[in-house]
Amino acid sequence: MARILITSALPYINGIKHLGNLVGSQLPSDAYARYMRARGHEVMFICATDEHGTPAELAAAKAGVPVADFCTDMWQVQKDIAEGFRLSFDYFGRSSSSRNRDLTQHLAAALGKNGLIEEVSEKQIYSKADGRYLPDRYIEGTCPDCGSENARGDQCENCTKQLDPTDLINPRSAISGSTDLEVRKTKHLYLKQSAMRDKLDKWIDSQVGWPVLTTSIAKKWLHDGDGLRDRGITRDLDWGVPVQFEGAPWQGMEGKVFYVWFDAPIEYIAATAEWADANGADDSAWERWWREDKGADDVHYVQFMGKDNVPFHTLSFPATLMGSNEPWKLVDFIKSYNWLTYEGGKFSTSAGRGIFMDQALEIMPSDYWRWWLLSNAPESSDSNFTWESFQAGINKDLADVLGNFVSRVTKFCRGKFGEQVPEGGSYGPAEAAVSAEIAKRLTAYQNNMEKIELRKAAADLRAIWVAGNEYLQAAAPWSVYKENPEDAAAIVRFALNLVRLYGVLSGPFIPDAAHSILQSVNATDARWPDDLDAALLALPAGHGFTTPDVLFAKISDERRDELEAQFAGD
RNA sequence: GGGCCUGUAGCUCAGUUGGUUAGAGCAGAGCGCUCAUAACGCUUUUGUCGUAGGUUCGAGUCCUACCGGGCCUACCA
């Protein structure tokens, strides 16, 4: 038994996420967590909301509520949606927790003491009308290069030229439109990542089997231009972890908070501490996952995220932990995802294009989304959601291959033998052949789950379902029954055991349906089939079951067209 | 501009360290079965592996150039 720590990238608090966000971290991490638990490993699966930063403040202002209240509400909304998708987090925390405040300040202080924090005086745009400093991209104006009037302070959308906010002609606040802006001097803390470049480089090099997407992004940042740059880790904002605190190795940082990208990954650790608090456990309960001097040396730590998150997880966060000179557990494997597109284009919040997590649950069961998204996960390149593909995947894989298999087996048995596993007959070459086929597929399934190749694992799982239909077709109990009911009984008994097996194996992908299957066959044993032959004897003759209702209703062409129109956007 | 990824059957994708007749699912065609959500099974059509060169006994796989698609480029998180 191993100990596996799993974190999913933190969803930002300012709104409900769309399916692209779901498939990029939370969903695959859940499938992995469920699989590892099923294999008997000790799993700690952590997620949380990322609550700090300008967008949260603005979203709260727009909603007309204090930012703390806004975050509390949105945290609950996101938590409920996560439950709707059956995301099995051991804890869903909040980056605004006191645990995260304390830990963020602790790590910053440690970095400061180790000479890895530098005070930098810089110029920042202040908007009097908004009463706040503005991040570069919240300043708009005319591009000095191409004349576009909607250039942002960091880059012109039109000509893609990199800009400095002071380059803009007629700059205005993107929030209020106010032109009453001024340049103010302000002091910030920078994390001296450059000082740790070689160490990070060696660390990245020492990792084996990381996805190319992960390492290539890290390498780019390490070696581009003059190499890894230092990074500001504080901001002039109200909402966040205060930079000035008791015992801080710096002065005069009142009114500033840590930049969200500094405190957000630290929340992985803090959320585990929140978990311990919530369960009435002491610090050793979470430290054994995160402190190598306190039991975490045998932990295998896996992170899941979209590709936009990679620089922070390969460089900034490790730099924070390494730089503290404390024995924090570093990540062992980073699984990064590409984007999901919607009908060939981007998901767009503003244009109302695409499907958001709350809407998805309103129109289809979570298993449908889980199956399609995981079996089409953007693992090697971006993947595209279309209603046609969704309909085909659900109807074919879930309804026809798996659902109908369960249905035909249980209904046939009920009709001929009643609702209990029939007695009589014996197994022969046909059963041995399916067992061998499933054993082969199961090995592939397990290997792909270990490697977190979920798309391939889904194909393996499907092949295991198909094997059941092939078996039934070849064994043809409906024909055998006419001449020899006893032999038919053996076939049905074996098939019912396949049903139970499918209930066990399908759990990581479609937990609700898996649960229904296990319930309908009254499975008392839902353990992973380490011994496949034994697992196929789990349901003995005489064991009662309940014929389930239709497991997966099909999506009709009419319904598909309706949804396509509903989500087409503006 | 720079960097990375990607281009394989009508569609979505697999193709391990280069090694014989390039695979799967869907869609299409034919046959079979009739237990089942008109479901299932079997058989089967389609490929100049983006283009052009090169290395090699041998290249989808390695190298170069070009063409197409996508992403990243550090103050949005």
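Only heavy atoms go into these numbers, but all of them, side chains included; no hydrogens, no water, no symmetry mates. We name chains A, B, ... by the order of the sequence lines, and we start the count at 1 in each one.
Closest approach of A:F262 to A:A108, counting heavy atoms only: CE2-CB, 4.0 Å.
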Are any protein N/O atoms closer than 3.5 Å to N/O atoms in nucleotides 71-73 of chain B? If there are, list each pair with its distance.
residue	atom	partner	partner atom	Å
B:rC71	OP1	A:K346	NZ	3.4
B:rC71	O3'	A:W339	NE1	3.4
B:rC71	O2'	A:K307	NZ	3.3

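OP1 or OP2 of B:rG41 has not a single side-chain nitrogen or oxygen of A:Y471 nearer than 4.0 Å. Applying the 4.0 Å criterion to OP1 and OP2 of B:rA14, one finds that A:R462 has every side-chain N and O outside that range. When the side-chain nitrogen and oxygen atoms of A:K456 are compared with OP1 and OP2 of B:rC13, none of them lie within a distance under 4.0 Å. Dashed line: the shortest gap from a side-chain N or O of A:R231 to OP1 or OP2 of B:rC75 is under 4.0 Å.
Judged by the 6.0 Å and 45° rule, A:K335 forms a cation-pi pair with A:Y337.
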Task: Pair assignment for RNA chain B - dot-bracket with | for other-strand partners, Watson-Crick or G-U under 3.5 Å - done: (((((((..((((.....[...)))).(((((.......))))).....(((((..]....))))))))))))....
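RNA chain B lies under 4.0 Å from at least one heavy atom of each of the following residues of residues 383-401 of chain A: A:K396, A:A399, A:D400.
Each of A:L222 and A:L237 was assigned the nucleotide of RNA chain B with the nearest heavy atom; the assignment lying further toward the 5' end belongs to A:L222.
Closest to the side chain of A:N469, from the set B:rG41, B:rA77, B:rU12, is B:rG41. For A:Q473, taking side-chain heavy atoms from C-beta onward, the closest of the listed nucleotides B:rG32, B:rC13, B:rA77 is B:rG32.
For the pair A:K192 and A:D230, the salt-bridge criterion is not met [side-chain N within less than 4.0 Å of a carboxylate O].
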